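All of these numbers come straight from a predicted model, not from anything done at the bench. Just so you know, these numbers use all the heavy atoms, side chains as well, and skip hydrogens, waters and symmetry mates. Sequence lines set the chain letters: A, B, ... in the order given, protein chains first and strands last, and positions in each chain run from 1.
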Amino acid sequence: MIRVFVPGDMCSVALGADEVCGALALEAAKRSMAIEIVRNGSRGLFPIEPLVEIETADGRIGYGPVFPEDVKALVEAGLFEGKPHAKCVGKPEELPFFKSQTRLTFARNGISDPLSFDDYVAHGGMKGLKRALELGPVAIVDEVFQSGLRGRGGAGFPTGIKWKTVAEAAGSKKYIVCNADEGDSGTFADRMVMEGDPFQLIEGMAIAGIAVGATMGYVYIRSEYPFAVTAMEQTILTARKRGLLGKGIGGGAYDFDMEVRMGAGAYVCGEETSLLESLEGKRGLVRAKPPLPAHKGLFGKPTVINNVLSLAAVPYILAEGFAAYRDYGMGRSRGTMPIQLAGNIKNGGLYETPFGVTLGEIVNVIGGGTDSGRPVRAVQVGGPLGAYFPPSLFDTPFDYEAFAAKDGLIGHAGVTVFDDTADMLKQARFAMEFCAVESCGKCTPCRIGSTRGVEVLDKIAAGEDAEANLVLIEDLCHTMKLGSLCALGGFTPYPVMSALTHFPEDFGRPKPQLEAAE
Amino acid sequence: MPDYIAWSPEKAVEVIGAEADKEGALMPILHALVRTFGWVPDEAVPLIAGILNLSRADVHGTLTFYHDFRRHPAPRHVVKLCQAEACQARGSVALTAHAEQKLGTKIDAHGHTHGAVSLEPIYCLGLCASGPNALVDGRPHARLTPDRFDALMAETVR
Ligand SMILES: Cc1cc2nc3c(=O)[nH]c(=O)nc-3n(C[C@H](O)[C@H](O)[C@H](O)COP(=O)(O)O)c2cc1C
Ligand code: SF4
Ligand code: FES
Ligand code: FES
């Protein structure tokens, strides 16, 4: 029996992986060869997807990108024996893109069979839960606190402090809510965890449940991620059968169960209180804080709400001890970040690395520059609410505080590259338009201001009173920043103002001296 | 295209009943109705309100807040083209213009269409290194070019 790996990951499937499986099965049948196709997650380098891997005595040999029409010739050249071919990439883990990573959260992704509990355990799964059961709630919270883990959903709030608040809150019932709304353009790490290593997320949620005394969890997944929904639903069923969910999880004294809930195409439902409203069956209107979700969250009960990556980092921290995680990183940004290389970039994909790498290294060295081969003009970091950075700021290290100091944010670590054909006025306009489309409607600056912003930018584009209208945009951004309840209205000024500050020539203002001198 | 069944209140009551015992059942119910019928007619509102013991206004509020809950019968085919930044950086604006011309329709969040195919925006599918991307009748497609888009449409409306 020859074991063949073809990712079942949504991106690989969008590139033809299902058809590749069909073609492989056909070629094997023609030769009466017995093959087993495992649908692994993606290893995370998308220019080589669909990546077909063959298990050999010497390890796994990869071929990619393999499209359905390539399969026949590849099999004739000896793909099933791992023989050389122009599409052969050798052992994938030896590629520089993978070799230079520090994969803690993504250690199994692309390697193990995501839906197999036995494979999960064989690749180091369940160790975190086992140690958590030995430590007990108070020590688990301390371990997470000491690790320095900060929320990966965007705000970077210390996860240990959040858990401590919920652990100490009085309540007969508490919840763990996993925020898998991942609405930011340029991000896909949550999707890859859910599709490629779903047991790890369940283990992380179960540990959170033990830590704070919660017995029920929900993972709220955006509807744009149908593959993740299916993977999580199937995995939850298996986890119940194998004692990772249900009564006495992991053979200990704690009960924990969970369900999948699906979003319905509203970006604002990624905001934690809007998400809770949605889970309760209501419109996704943002709640005023206080009360914090930690005190009054889902159905008014104390609730931990964390991003997928925050929860998925927990099994490693518990298994290896807080110091193993904390010792990576820089400043107050500890551990690793799964950075997502997106947009017009040659080596697009998932790159997990300790904090501290510079934006320039990410884009030019790891990412290999633009996919179009043209010069990089701008990089948007942190999704639709993140700032556009020009190459002159490429020395900024990937660190929460360093990005804030440059009027930007890391957010969920999406890095979207644009080449020199980008029109930054259009990007600013899009930011305002997106805010107008997705506003929950509660605050006037967000709801009306964004629509007004689109109109004013259109006037600037048409050359009407450009300077007066630019001053108006600056005022509008100021008002949105100060007068919005949540970061949708509050942070939309980041992309708008950064575009205007770093690329004034696109708005009819003179080009800045610094860049002209380069 | 997905196999939807024609709207029937009897079937709707069955679908609603199957989800009604969940905590926060309204979202799962609305999703289940869309999965079954392809849309949620206004007639469903009093049925849901009655079964969940909610006001009609509450049900209506939730139904109308979310982009996903279609309130008109589903078009035969739905093409959702990603309009978000990472796809813009890879040519989605030009692809959208091509698609609009090809299908003779404007991209429209409400899925109103005169032809067999409705062209709707979607904001990110999480395939952001491989755009421009689309969902065609629920199936993902990456690295679209005008030619690949045309081929896809030829297969879809065949
Ligand atoms: C408009 C808006 C959208 C957001 N979208 C997401 C999202 O998709 N996923 C996420 O984890 N956090 C998102 N957040 C941040 C959450 O409000 C919250 O900070 C996060 O879920 C907390 O989890 P963490 O501490 O693990 O990061 C969003 C915030 C805003 C204002
Ligand atoms: S800023 Fe916008 S999205 Fe946020 S609460 Fe106000 S209106 Fe809603
Ligand atoms: S489906 Fe939204 S108005 Fe018709
Ligand atoms: S921006 Fe189009 S898939 Fe993410």
With a 3.5 Å distance limit and no angle check, can you tell me whether Asn133(B) reaches the backbone of Leu127(B) through a side-chain donor-acceptor pair? yes
Compute whether any side-chain donor of one residue and acceptor of the other, for Asp147(B) and Thr145(B), lie under 3.5 angstrom apart. no
One option among Phe46(A), Phe188(A), Phe227(A) has the most heavy-atom pairs under 4.5 Å with chain B, and it is Phe188(A)
For the pair Ser498(A) (side chain) and Pro495(A) (backbone), establish whether a donor and an acceptor sit closer than 3.5 Å, ignoring hydrogens and angles. yes
Most heavy-atom pairs under 4.5 Å with chain B, out of Tyr218(A), Phe418(A), Phe430(A), Phe434(A), belong to Phe430(A)
Taking side chain as everything from C-beta outward and backbone as N, CA, C, O, which of these in Glu49(A) sits under 4.5 Å from a heavy atom of chain B? Side chain, backbone, both or neither. neither
What residues of residues 15-30 of chain B make heavy-atom contacts with chain A at a cutoff under 4.5 angstrom? Lys22(B), Glu23(B), Gly24(B), Leu26(B), Met27(B), Pro28(B)
If only atom types and distance count, is the side chain of Asp181(A) paired as donor or acceptor with the main-chain N or O of Leu275(A) below 3.5 Å? no
Look at Gly348(A), Ala342(A), Ala228(A) and state which one has the largest set of heavy-atom pairs under 4.5 Å with chain B. Ala342(A)
Which of parallel (below 30°), tilted (30 to 60°) and perpendicular (above 60°) describes Phe69(B) and His31(B)? perpendicular
Tell me whether Lys102(B) contacts the main-chain N or O of Asp150(B) through its side chain, where contact means a donor paired with an acceptor under 3.5 Å. no
Indicate yes or no for a side-chain donor-acceptor contact from Thr187(A) to the backbone of Asp184(A) under 3.5 Å, with no hydrogens or angles considered. yes
At a heavy-atom separation under 4.5 Å, does Val415(A) approach chain B through its side chain, its backbone, both, or neither? neither
Given 3.5 Å as the limit, does a donor-acceptor pair link the side chain of Thr303(A) with the main chain of Leu298(A), or not? yes
Does Val78(B) have any side-chain contact (heavy atoms from CB on, under 4.5 Å) partners at least two apart in sequence or in another chain, and if so, which? Arg70(B), Pro75(B), Lys80(B), Glu120(B), Asp137(B)
When you compare the side chain of Val117(B) with that of Thr156(B), does any pair of heavy atoms fall below 4.5 Å? no
If you tally heavy-atom pairs under 4.5 Å against chain A, which of Pro121(B), Gly138(B), Cys124(B) wins? Cys124(B)
For Gln427(A), which atoms come within 4.5 Å of any heavy atom of chain B: side chain, backbone, both, or neither? side chain
Chain B: which of Met216(A), Lys282(A), Glu280(A) shares the most heavy-atom pairs with it under 4.5 Å? Lys282(A)
Under 4.5 Å from any heavy atom of chain B - which part of Thr416(A): side chain
For Asp9(A) and Arg191(A), what are the C-alpha separation, side-chain angles and deciding distance, and is it a salt bridge (charged side-chain N to carboxylate O under 4.0 Å, His left out)? CA-CA 9 Å; Asp9(A) 157 89; Arg191(A) 178 182 70 69; 2.7 Å; yes
Max heavy-atom pairs within cutoff under 4.5 Å with chain B, candidates Gly281(A), Ala264(A), Gly343(A), goes to Ala264(A)
For chain B, which candidate among Asp419(A), Asp371(A), Leu341(A), Asn347(A) shows the most heavy-atom pairs at distances under 4.5 Å? Asp371(A)
Would you mind checking which part of Ile122(B) comes under 4.5 Å of any heavy atom in chain A, side chain (CB onward), backbone (N, CA, C, O), both or neither? side chain
Taking every non-hydrogen pair under 4.5 Å, which of Glu85(B), Arg90(B), Arg139(B) racks up the most with chain A? Glu85(B)
Which portion of Ser278(A) sits near chain B, non-hydrogen atoms under 4.5 angstrom: both
Tell me if the centroids of the rings in Tyr267(A) and Tyr123(B) come within less than 6.0 Å of each other. no
Can you find a pair of side-chain heavy atoms, one from Arg261(A) and one from Val219(A), that are under 4.5 Å apart? no
Heavy-atom proximity to chain B below 4.5 Å, by part of Gln380(A): side chain
